[in-house]
Structures are given as structure tokens and as C-alpha cells.
2 protein chains.
Amino acid sequence: MHNKLTIKDIAKKLGVSVSTVSRALKDHPDISEKTKSLIRNFANEMNYRPNVLALSLRKQKSNTIGLIIPEIVHHFFSSVISGIEDLTYREGYNLIICQSNENQFRESTNLQALIDHRVDGIIISMSKSTTNFNHFKKAWEDGIPMVFFDRICDAIETDRVVMDDFEGGRLATEYLIKKGCSNILHLAAAPNLLIGRNRRDGYLEALRQYNIPIREKFILKCDTREEVITMQNHILSLVPQIDAIFAVNDSTAIATIQMLRRNGYRVPEDIRVIGFGDGPIATIVEPALTTVEQKGYDMGREAVRLLLQRLNNPNVPIDYQTRVFTPTIKERESA
Amino acid sequence: MHNKLTIKDIAKKLGVSVSTVSRALKDHPDISEKTKSLIRNFANEMNYRPNVLALSLRKQKSNTIGLIIPEIVHHFFSSVISGIEDLTYREGYNLIICQSNENQFRESTNLQALIDHRVDGIIISMSKSTTNFNHFKKAWEDGIPMVFFDRICDAIETDRVVMDDFEGGRLATEYLIKKGCSNILHLAAAPNLLIGRNRRDGYLEALRQYNIPIREKFILKCDTREEVITMQNHILSLVPQIDAIFAVNDSTAIATIQMLRRNGYRVPEDIRVIGFGDGPIATIVEPALTTVEQKGYDMGREAVRLLLQRLNNPNVPIDYQTRVFTPTIKERESA
DNA sequence: AACGTTTGCGAAATCGTTTTCGCAAATTTT
DNA sequence: AAAATTTGCGAAAACGATTTCGCAAACGTT
């Protein structure tokens, strides 16, 4: 088994040197057409395939890029992976994927493993639990090209691909205001999450823009389906005073819609609800969820593009770039 | 940049030979404790990391396994990836992921790329459009260990991890029958997909078991949300004669439920609907979808286990194994 | 003291490529 | 016809590790 044909075997079989075979297969001008076609035909016939490992070792380039992602089973992240995979495939790169499981230790191990594998570059979204950035710093000092996306690490300077969460929060809130709402409840994420803070700040900004007073009690920490259930009574107690809800993510928004309907409220007639982060669940709920669209696939592709730009110009120093994806409102029925 | 320290550098710096360094780092008994600790300390201090590429080339083993998956953005598949990633990580393997996008040509290219990379083994779920199996046959003849999961290729003998789709189909149909239904429409997959055939056969078996006549017109090729919309009129024309629907997957089931409700039917009172393949969308729809549970994460882990079993016993011939995951009904409200 | 055995290490081959350098033979130039 | 150039190819050194083989020095045995 695994009797892989090598360039050496071909050379022996054909009575030429390995250098000649190598050159013939690469169409080097030093080799005569006659020899070239002899070698090429034989190689094709025998289905010769070069050993990528040997090649990478020799060329000091593995044509592989690494990806560290907090969680694969997650619509946004899997969309990003898909975008990354599509582009790397087209460009002839391979993709090694690691999952940090939101765990700093594992993230650090993954990073080391990728570097050990001599990947040409790394794309990362940081784990939630990461508070120490030494592993990133070390990799950065090693000079390995990195692109952060979505959950960026601001302790080091790298290329970045991010959503404009602030603008997303502002847009969502503005959308509700333009529909005539002025008492808007915000179901927010935990305050230590940058993303959540930005969305909340966008919410606040929209209120300010339209001269709507900000009320602290209209901002609730509530960012999971479960939490909606736990906080049901609290939320319902506020409902008589509000005419819209902006939830920090879709599953919270959907859970809220369902909770409201079970309690006799109509969406969007009585209360408008808007979410954040367009996934497959948004189209399933009734009424279909109006939400802020997150373009995971495109962000993935952009991350690859930034990385390749660096890989293809290894000695040209390029300023670190940050690509910002401005979200758009995906209008459906709930708001 | 990228001034990676090699074993040669260490040898030179310490005035010993490369072989000594290599052996010292691997704790070979031929090396004296004194030399060992000298070398080890230096290596640690300088943060030496072996070059995996060189190692793989020398050892003829890359410690990498390849995965070809039809679509990453898909709850079942991303669960499988997660299970695969978790176990490969724990066992010290790396994972190269390719996405065939349900495209035979790309599947074949991916396979070749993985083989070129000298992965130690490959885990695959076949693309929907694959009708020619030569690429698999060639890989099989090359002797590269393969494990198929879910969408297996029955043209070649390999290890397999499958759902018992037949039993799933039978269970789902039986469930409906026991609820008192006897005119059950089956929305089926394309006939070239084994999975779809098995689910359909399970459906037929249940009907036979309960002496319910089989009617060809109650089996429709319709396995996507879009197709439900295209075939809406056809489906609605059958509705007066039926009391239940068994859909080959969840998104079809959900699209059907919504289509039915828009047309004035109540689920499950007028028509019961059951799906297949429990994902997050099943809990979102109203009424929540009763469906056949698919354990993607566990299947992924099992695929890795089968593969490792072969990789760890390279010369022990093991009979090809097929691991069958028997599904269970996840009872919710729609059936 | 002569011989055998162990200890500790180095030289060199190997894995499969690419690439620099060199060198005959063929060809062109003078 | 001699000199200069070009053509076509091979030898060998990388890339970074492991591993077989060999060999000197130190040690133990009679």
C-alpha cells in the first residue's frame, strides 16, 4: 500500500537524473522538448503526484493557512468558515481548522500547533475567556501573518475584519424610531463583551440623535433564550410602557417574540421586535424576524484576502488594515 | 522574521552533533544525563520547536487527517465537524477541512489535495451530486484509510458511520400511525441519495407493518425549502386526502408547516408533520417540530475513533466496520 | 596485562523535492 | 578551422528532522 511514485523512481525508470525530471515537469527551458514529453507522458501515465510535504520543506512555504475559531456549531462562525474555505480553495491553499471552545488554554495550544505546522498565515477569532494575550504576542513577534476577525485582540496590531456593531445597534434602533416607536427596550449582552457594548452604544446614539430620553430601566442584561424565560415577569412588567424591543441577538429576539405572543401581545402590531445577526432561525419564526444582517461569509473571504495580500508580497511592508463591514437591516415582519 | 531555530543551530551552538541533539531531545538512552540536560535546557530557553514538515517527511506520517464535507453551514454537518475536531485535537492530530459544496468535481479535487498532503486518513460525507465513484476507488486502491459518514459510498468497502435512516423513517412513520394517521405523505430526497432511499424504505416498511396500502402519489421528491414553495400547489392538491406528512429533513418539514398554516390548515390538528434531523430550527417554529434526532457530534467522534483504530494498527488487517446510530423521536408539538 | 563489554557520541544516509553549479557536446561566430 | 556560445543534462547541496552504523574511550573481567 501507499507505493507513492517519486521523482526518483521516474528518473531511474527513464534513465535520466532527478534534476531533469524535476525540470521537465516544471517546463524548465533547459530541457529539450523530446525529453520533456517523454517524462511528462510517463508521469501522467503513472499518475505521478508530487509530495507536498517535501515541497513545503524545500520551499519553506506550506501553502496552508490556519484558522482558530471559538465554536464551529454556530451559524455566524460556520458561515465565516465557509467563506474562508471557498477562497482558500480557489487560491490553492489548504485550511487547517482548530476550535478553541472558548477556552484560552486550548486557543494557545492551537496557535502553537499551527505555527509548528508552518502554516503561512493564521486567521483567528478570539475566545471569550481569553484575558492574557501573550500567545498572540509571541506569534506576532515570530512574524507570522495574522488576521483577526469579529472578536479581535486589541493588544496587538494586525489586520482585522470586523462588523460595525455600533452602527448596527444604531441602525436597528433608528429603524424602530422611524416606525414611530419611542419607548424602546434593549435586551443587552454582558457588559464585558465588546460587541455587546458597541451595540448598546449604537442604541444609545440613535436615541440621542432623535432626542429620545434614555432610561436606564429600558436596558436589561438578557442575551439568551433561557434568560428571557427567567426574566419573563420583569420584561412583561415593562411591556405596558414600551412599543419596541431591540435584542442583542436573534435567539433572544425570537424567544421574546414567542413569549410576548403567548402572553397575548401581537408582534409587530403591539410591540415591534428587532434582532441582530441574521441566521437561519430568523426566517423560521412567525412573524419572520427583522434583524441586522451579519455577513459572515463575506467577512471570511475578506479575512483571506487580507492574509493573501501579505503572503503574496512577503517583503513589501503593508500597513495593517481594518476592514469594517457595515451591517444592513434585513426587513421581515417583526418590526 | 521567521528565524526558526533548528536542531542544526543547536548542535552548532553547543558544539555537538545533530544526532546528539535529536537523541537528547527524545530522551534516547545513548546520551548521558549531562549532555541531555545541557541540550534540553538550551532548547527550552531558545523555545525550540521541531519542524513538523520535516518530521512528517521523514516519518512518512503527517499526523493530519482530512475531512471532506458537503457544506459547512449546516447544523448537522457543523456538529459532526465539531465532534471530529474535538477528538482529533485530543489525540494530537490536525484536521484539514475541505468543502465540496455538493459538487462532484470539487469533491474529487479535494480528495486529491488531501492525498497530496499525505494525510494519514480521510473522513468523508459524499456530495449530493456525486454519481461517479472513481475518485473514491482510486483513493481506496492507493490504500489510504477512509471513513465515510452519513452519506456513504456503497461502491467501495470502507469503515462507515451511519444513522439508521431506515429505522428513523420507520419510527417517524410509525409514530404518525400510532397517532391515528393512515394517509401519510412522504416528502422524499432525490433517489440517488442513499440516505433518502433508506428513510423512504423505512416509511414503506412502517406502512406494510400496519397494513396500510402504499400509494405512489404519496411519495414526492421534495427536499428543500424552495422546493416546497415550487410544489406548493401540488402538495395542497393532495392535502384533502392526507392526515400527516413525513418530511425527509427539518427545513422541508418546517417550510411545509408554514405553507400549510398560511393556507388555513392547523398543525397538528388537521395535519401532523414530522421532520428528520434535529437542529436548532426545530425548536423555533410554531408549533415546535417533532423530529427524528440525529447525533452529529457523536457520529463525528465515532468516525475519528474508527480511523484512529486503523492508523494505530497499520499492519493488522481489521474488518471494515459500520457503526450504526439508531435515532430516536424527539417529541414536540407538530405531530 | 590482555581482552571483552559498555558508554557516549558522530558521520552519513534517508525522506522527496528544488536549484545552483558545472561540464560536455552541439552549434554558432569569427 | 579555431574560438565562443548555446543547449541539455547531471551531481550535489540544500530544507529539518530521524536512524543505522561505526568507533573511540572507559570500564569490567580474567
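Below, read A as the first sequence line, B as the second, and so on, with proteins coming before strands; counting in each chain starts at 1. Source: prediction; values computed, not measured.
Mapping B/His28 and B/Leu53 onto DNA chain D by nearest heavy atom places B/Leu53 closer to the 5' end of the strand.
Remark: A/Asp298 pairs with no residue by the side-chain hydrogen bond (donor to acceptor under 3.5 Å, both in side chains) rule, at least two apart or across chains.
B/Asn312 places a side-chain N or O within 3.5 Å of a backbone atom of B/Leu308 that can act as its donor or acceptor partner. Panel note: side chain B/Ser125, backbone B/Phe149; a donor-acceptor pair is recorded below 3.5 Å.
Distances shorter than 4.0 Å separate none of the side-chain N or O atoms of B/Lys59 from OP1 or OP2 on C/dT14. Put simply, B/Tyr48 has a side-chain N or O that comes within less than 4.0 Å of OP1 or OP2 on D/dA17. Proximity of A/Gln60 to the phosphate of D/dA14: no side-chain N or O atom is located under 4.0 Å from OP1 or OP2.
Note that CZ of A/Arg23 is 13.0 Å distant from CG of A/Asp27, once rounded to the nearest 0.5 Å. One finds the OG atom of A/Ser78 at 8.0 Å from the CD1 atom of B/Ile81 (value rounded to the nearest 0.5 Å).
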Can you check each nucleotide of nucleotides 7-12 of chain C against protein heavy atoms at under 4.0 Å and return B for base, S for sugar-phosphate only, - for none, in 5' to 3' order? -BBBBB
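Regarding A/His117, its NE2 atom lies at a distance of 14 Å from the P atom of D/dA17, rounded to whole Å. Nucleotide C/dT17 holds its P atom 11 Å from the CZ atom of A/Arg49, rounded to whole Å. Here C/dT17 presents its C1' atom at 13 Å from CG of A/Asp9, a figure rounded to the nearest Å. One atom, CG of B/Asp116, and another, P of C/dG16, lie 14 Å apart when rounded to the nearest Å. A/Leu25 has its CG atom 16 Å from the P atom of C/dG16, to the nearest Å. Separating the CG atom of B/Leu55 from the C1' atom of C/dT14 is a distance of 14 Å, rounded to the nearest angstrom. Residue A/Leu57 contributes atom CG, which lies 13 Å from atom C1' of C/dT14 at whole-angstrom precision. Here the C1' atom of nucleotide C/dT14 and the NZ atom of B/Lys61 are 19 Å apart, to the nearest Å.
Backbone-only contact: B/Thr6 has heavy atoms under 4.0 Å from sugar-phosphate atoms and none from a base.
Across every non-hydrogen atom of B/Ala139 and B/Ile144, the tightest pair is O-CG2, 3.1 Å.
Remark: of the listed residues B/Glu107, B/Gln104, B/His135, B/Arg151, B/Glu107 is the sole one forming a side-chain hydrogen bond (donor to acceptor under 3.5 Å, both in side chains) with B/Thr130.
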